[in-house]
Amino acid sequence: MHVHNMAITSHITRVGPTMALLVCVLVFICKAQAAAPAVYILGDSLVDVGNNNYLPLSLLKANFPHNGVDFPMGKPTGRFSNGQNAADFLAKKIGLPSPPPYLSSPPPYLSLTGGATPITGMSFASGGAGILEETGGFLVKQALSLGKQVEYFTRVHDKLVTQLGPSGAQAHLSKSIFLIVFGSNDWFAYYNVGSLAVKQYNPQQYVDRMVSTFKGLLKTLYGLGARKLVVSGVGAIGCCPIKRKENRTGECNVEINYWSTKYNDGLKIMLEGLKSESLGLNYAYFDTYGAMVNLFQNHEAYGYSKIKEACCGIGNLKADGPCIPLATYCSNRTNHVFWDLYHPTETIASLFAGYLYSGSQQFMVPMNVEQLLAL
Ligand SMILES: *[C@@H]1O[C@H](CO)[C@@H](O)[C@H](O)[C@H]1NC(C)=O
Ligand SMILES: *[C@@H]1O[C@H](CO)[C@@H](O)[C@H](O)[C@H]1NC(C)=O
């Protein structure tokens, strides 16, 4: 389908505008072939496609070089990556364009009008965001929390109802994919210097708060019509350069990793419970943690010689500072796991999106996205 698509595009560029009619026909066919009407993305910087560009107070932005060095035209877009991120790759695999940032100006959802083609998705993802309301404010001064993202989705939902009618909106949403990538920042915030949460809650209590808050917001999404959830667990974030640099020999931080797995255990139980009490709800869970550990253990086989230091950054493991224009970046991005102190390179995002879409039960339970789409 994608190869097909690309072949069509290059063909069209060669033959020029006389083929406009053919283009329309082909675009129509391509749209009809997409496995879902839309993909809605809620998450943090792992899947942010530029929402934070529109948050004036946010300290976590990526709309400057060297971010985007491998993006088409080398353009920094607000993605925390050298190129595309997992949201882009997953949308492409589903056969849809990468959803635009909700905060784009003018807001893309406002252009939805009666009779127009329904939207093919929207991204609410925001760098620094957490499941817990306080996480974003603590880490980066301004980010769209999961709660805020659900609130913004409600506005899109209401617009869809106006456009398609209640049953049309319901049909659209029940077949749409909801990719939800959260949790890392809640743990970075918990273990950050000056954290208030660490004084108020022990790690198990914090796990419970994260899971119950998440569950409440997923119930809201279900109430609004979401039926196909793709939820990622927290990765081995103790192995990010920001955490490795705190260790003299560059080892992973075992405590944050341990509590990330404890959280993931709670998340999996919660998802199974939510499914059993929500008629028609299905989900695909991605074991990001397992996928990362597997990658580190077999990194040579995967072609990654650089698993500890970031490609772009400043200082020790390039993790003393973010990827700003003054930082240096590596010449080979395809042998580095990490682009900057927190985020993976484009090729890793592509690898993981491949797991999400068609991966085995090793990392995708109880099913992958392809199977979720077929329901
Ligand atoms: C570095 O990590 C190793 C392995 O987790 C641990 O045993 C050691 O205590 C750590 N050292 C420091 C200075 O944190
Ligand atoms: C970059 O690294 C990859 C993976 O190790 C390797 O296959 C490729 O040849 C390298 N590219 C350059 C230009 O060195």
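Bear in mind the structure is a predicted one, so any value in this text is a computation, not a measurement. Both counts, for ligands and for their atoms, begin at 1 and track the order of listing.
Of the protein's heavy atoms, R248 NH2, 3.8 Å lies nearest to atom 13 (C) of ligand 1. The single protein non-hydrogen atom nearest to atom 2 (O) of ligand 2 is N332 ND2, 2.4 Å, given as residue, atom name and distance. For atom 14 (O) of ligand 1, the closest non-hydrogen atom on the protein side is N247 ND2, 3.3 Å.
For atom 11 (N) of ligand 1, a protein heavy-atom neighbour is found at a distance under 4.0 Å.
At a 4.0 Å cut-off, at least one heavy atom of G303 sits close enough to ligand 2 to count as contact.
Salt bridge status for K275 with E272: absent, with no side-chain N to carboxylate O gap under 4.0 Å. Looking at D88 and R79, a side-chain N of the basic residue comes within less than 4.0 Å of a carboxylate O on the acidic one, giving a salt bridge.
The aromatic rings of F286 and F352 sit perpendicular, their planes meeting at an angle over 60°, well past the 30° parallel limit.
To the nearest 0.5 angstrom, L217 atom CG is 9.5 Å from L42 atom CG.
Listed by number with element, the atoms of ligand 2 under 4.0 Å from a non-hydrogen atom of N335 are 2 (O), 4 (C), 5 (O). With ligand atoms numbered from 1 in the order given, ligand 2 contributes 1 (C), 2 (O), 3 (C) to contacts under 4.0 Å with heavy atoms of T334.
Proximity of a side-chain donor or acceptor of R227 to a complementary backbone N or O of Y222 within less than 3.5 Å is detected.
Between Y40 and the options F153, Y152, Y102, a ring-ring contact (aromatic ring centres under 6.0 Å, His included) holds for only F153.
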